[in-house]
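Written out below as structure tokens is the structure these notes cover.
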Amino acid sequence: MAEPDKRQLGDGSDSFSNAASNLSRAVNTMRQQASASSAGAAAAGAAKTGKAIAGAAKGAAAAGPWGALAAAAWSARHTLYKILICTALFFTFIIVTIVSLPSIVTNGIFGLNGTKPVEGATLTDTYSEMAKAVSSVVDYGYELSLARVDRLIEEGGCDYKLSMDSLINYGHSSAGYDTCYVLAAYSASMEQQNTSKEDMMAKLQRVADSMFPVTSERKEHEHLIPVTYYRYEPVTLTVISSAEIVDFNGDDPVYSYETETRTYYTPVEDLSSEEDIMVPAYREVTVYLPIYNNGSITSYSTATYFEAAGEEMISPTIEMIPYLECTIHPFDNSVINQAFGVNPDATYSQFQVTYGEAIQNMANALKMTLYGSLEGGKAVPLTDEELIAFVNAQDCSPARKHIISTALSLVGKVPYFWGGKSAPGWNDAWNTPRLVTSAGSSSTGTIRPYGLDCSGFTSWVYNTAVGVEIGAGTSGQYPNTEGIDASELLPGDLAFLAGDEGWEHVLIFAGYDVGGNRAWVHCTAGSGVVFNTPDYEGSLVFRRLTIVDYDAPVSGGNVWGEPLSELTVIVTHYCPCPKCCGENSDGITASGKYAQRGMVAMSSYYPFGTQIMINGVMYTVEDRGGTGIEENIHRVDIFVPDHQEALRLGTYNTTAYIYRMGW
């Protein structure tokens, strides 16, 4: 380890006149550059303003405005000038904040570029407003990709249902873009001048159709058409077997009829088969039935019956139905540069950095200012289809599947937070800025998006899924387990990773992927809740909780017990008509079941099977919705069979209770 820097503020070893001079020049120069570029100013500052501004620029690039503040302070070390230094550093912080951050988020706060300052505006509020604007355009781009899929299917003359059933949708979660990068790219494209939300959105909308690329492959589906046949029953009839002319009545002949009793057959039941089948054969015949008058046959009528004709082999037919296998690819980040006309390899203005470097530095500065870290959740959430397919493929008890479903429901949705713990159920505080107060981490004392740490995640999963508290921290959870071999691993078992001072990480075994590889779900620093096979798997110690009954039935029925969590919800209603569901109005929910009373649509933050009680009625999450539902975890859309009933029940706010997360 390198020797720590022993220089301290106020140790009197430097010239205070040089310090004051450097600070003055730094502030003046950064004021002049405030309307130019944050990243460019940071990169070029050392050559322009001497030691203090070089340190400030370096600090801004490495750690945002706070880094610049600390770096500039090294130029001043005399006690008599601390007041002067603090005052100057305050203004330095303001200027560095302005030049280090995208102007799209600072103009309204500081009143730059002719923008009137917004009273009470904060960086967090302004960022949230811009993030929502970006999100709305990305959602629009996703809707355009779905419309493009519809258009491709129609133009190709393909079967719509088969095509939609085969849709590979990686864009479902609208994940994959970095809002900070988008804001920085737009601001850099304008050279930090005359930026506005409306202009940014207009430019993004022009490339919205390219945000989620769509590819397609024409395929054919073998549709088996069952062969139909009938079951016949015999019927005995008296029929005319012959007729002879015996006289004339004027010009009309008079017949003498002979009759006999015969057995024919009549169809009584429709049958079908999807396989080749040998069945009795019948042929159609016309029979003559006598008509009597005073006991004598005076005429006849005709009727159609069937007579036996041996046996025959009948077979179903195959119809080839064309369909289109479309793939909606993840968000294409190259469209950001396209939207704003940015060449990332070009030189940024008069500064000796590229646009790509300037944008990335600016985005990093914004992240540092908002959260004190460049880290964040990097995992892409599992789609409902991926989660269900993986869990269903595991050979284990329903309780273990329920535990894994609960764990996988947080993948990509909850960040890592040192010391982060949470009660069962979804926590609205997740992903909001919070001070790290737990000791023992480099993040202690910084502001980070709130989430869970590794043991907080495992504790949350078991509390939420089966209502069992498995212990506090890795050291508290390990004693509640027993050792097992790798061959004994089942979904829901734990693994611990040893460190210098004990167990430093805990993971949940999720099961085996399609390649037969072990997969784990855990909350890891820098990424949050992830689903992967870590490269340190060979060092893990496999354990099984001894305080959990993995064979117990998953809670359900009429006895609900205590709720996991309480939630304020906005309740709406929908039916399976095109007005409510658009083209998905076939009555099939996103979980693949037929819609019926008792089902609700909620955000994918709540896995299928989640049970929620509203006004004393227990509902099950079986469906999803559009962005209005997906992006609002407080929205509950209750299924009703009739559109008029949906309109009549309307919208209302109430308190709901979560009793189970996932199946």
Side-chain angles (χ1 to χ4, degrees), residues 1-4 63 371-379 403-404 406-408 410-422 430 434-464 468-511 517-548:
M1 179 180 292
E3 182 181 0
Y371 298 121
S373 168
L374 301 183
E375 298 176 350
K378 299 176 182 177
I403 291 167
I404 293 306
T406 303
L408 294 176
L410 294 194
V411 171
K413 298 173 182 175
V414 176
Y416 181 88
F417 188 90
W418 177 257
K421 314 296 179 188
S422 186
W430 287 337
R434 180 174 291 190
L435 180 68
V436 180
T437 58
S438 296
S441 169
S442 59
S443 65
T444 302
T446 65
I447 296 176
R448 301 290 174 95
Y450 189 59
L452 297 166
D453 61 16
C454 65
S455 61
F457 171 67
T458 53
S459 178
W460 179 89
V461 169
Y462 275 89
N463 258 320
T464 299
V468 176
E469 174 53 61
I470 63 173
T474 52
S475 60
Q477 294 176 5
Y478 186 87
N480 293 322
T481 64
E482 60 184 5
I484 56 174
D485 295 330
S487 60
E488 300 176 283
L489 275 172
L490 289 172
D493 289 335
L494 301 182
F496 291 83
L497 181 67
D500 295 335
E501 300 180 0
W503 302 111
E504 67 176 23
H505 193 50
V506 59
L507 311 82
I508 299 177
F509 179 59
N517 303 305
R518 289 192 293 262
W520 302 83
V521 57
H522 53 120
C523 193
T524 181
S527 298
V529 181
V530 296
F531 175 51
N532 62 14
T533 302
D535 54 11
Y536 52 79
E537 190 195 31
S539 302
L540 296 177
V541 176
F542 305 133
R543 308 284 292 182
R544 177 169 296 160
L545 285 161
T546 58
I547 58 175
V548 173

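We count residues from 1, following the sequence as given. Treat the numbers as computed from the prediction; the structure is a model and nothing was measured.
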Does P415 offer a backbone N or O that forms a donor-acceptor pair with the side chain of R448 under 3.5 Å?
no
Find out whether R544 and L489 are in side-chain contact, i.e. whether some heavy atom of one side chain is under 4.5 Å from a heavy atom of the other.
no
Expected output: side-chain R543 to main-chain T481 donor-acceptor under 3.5 Å
yes
In Å, rounded to the nearest 0.5 Å, how long is the span from CG of N480 to CD1 of I547?
4.0 Å
Nearest atoms (heavy-atom pairs only) where V414 meets L452
CG1-N, 4.0 Å
Do the side chains of T406 and W460 get nearer than 4.5 Å, heavy atoms only?
yes
Would you say V506 and Y478 make side-chain contact, with heavy atoms under 4.5 Å?
no
Test item: T458 and H522 side chains (from C-beta on) under 4.5 Å apart, heavy atoms:
no
Looking only at heavy atoms, the pair that brings P479 and S475 closest together is CD-O, 3.0 Å
Any donor-acceptor pair under 3.5 Å linking the side chain of T474 with the backbone of E504?
no
On a heavy-atom basis, the closest approach of R434 and Y450 is NH1-CZ, 3.4 Å
So, for H505 and Y536, which heavy atoms are closest and what is the spacing to 0.1 Å?
CD2-OH, 3.3 Å
Residues passing the side chain to side chain contact (heavy atoms under 4.5 Å, CB included) test with S459, sequence neighbours excluded, are N463, E469, Q477
Do you know the tightest heavy-atom contact between L410 and V529?
O-CB, 3.4 Å
Please state whether the rings of W418 and Y416 are parallel, tilted or perpendicular, taking 30° and 60° as the class boundaries.
tilted
Aromatic centroids of W520 and F531 separated by under 6.0 Å:
no
Minimum-distance pair of heavy atoms, taken over all atoms of F457 and A407:
CZ-O, 3.7 Å
Can a donor-acceptor pair be found, under 3.5 Å and without considering hydrogens, that links the side chain of D485 to the backbone of E488?
no
If we only count heavy atoms from C-beta on, is the L494 to I508 side-chain gap below 4.5 Å?
yes
Closer than 3.5 angstrom, by distance alone: can the side chain of D493 be matched with the main-chain N or O of F509 as a donor-acceptor pair?
no
Decide yes or no for P491 and I403: does some side-chain heavy atom of the first lie under 4.5 Å from some side-chain heavy atom of the second?
no
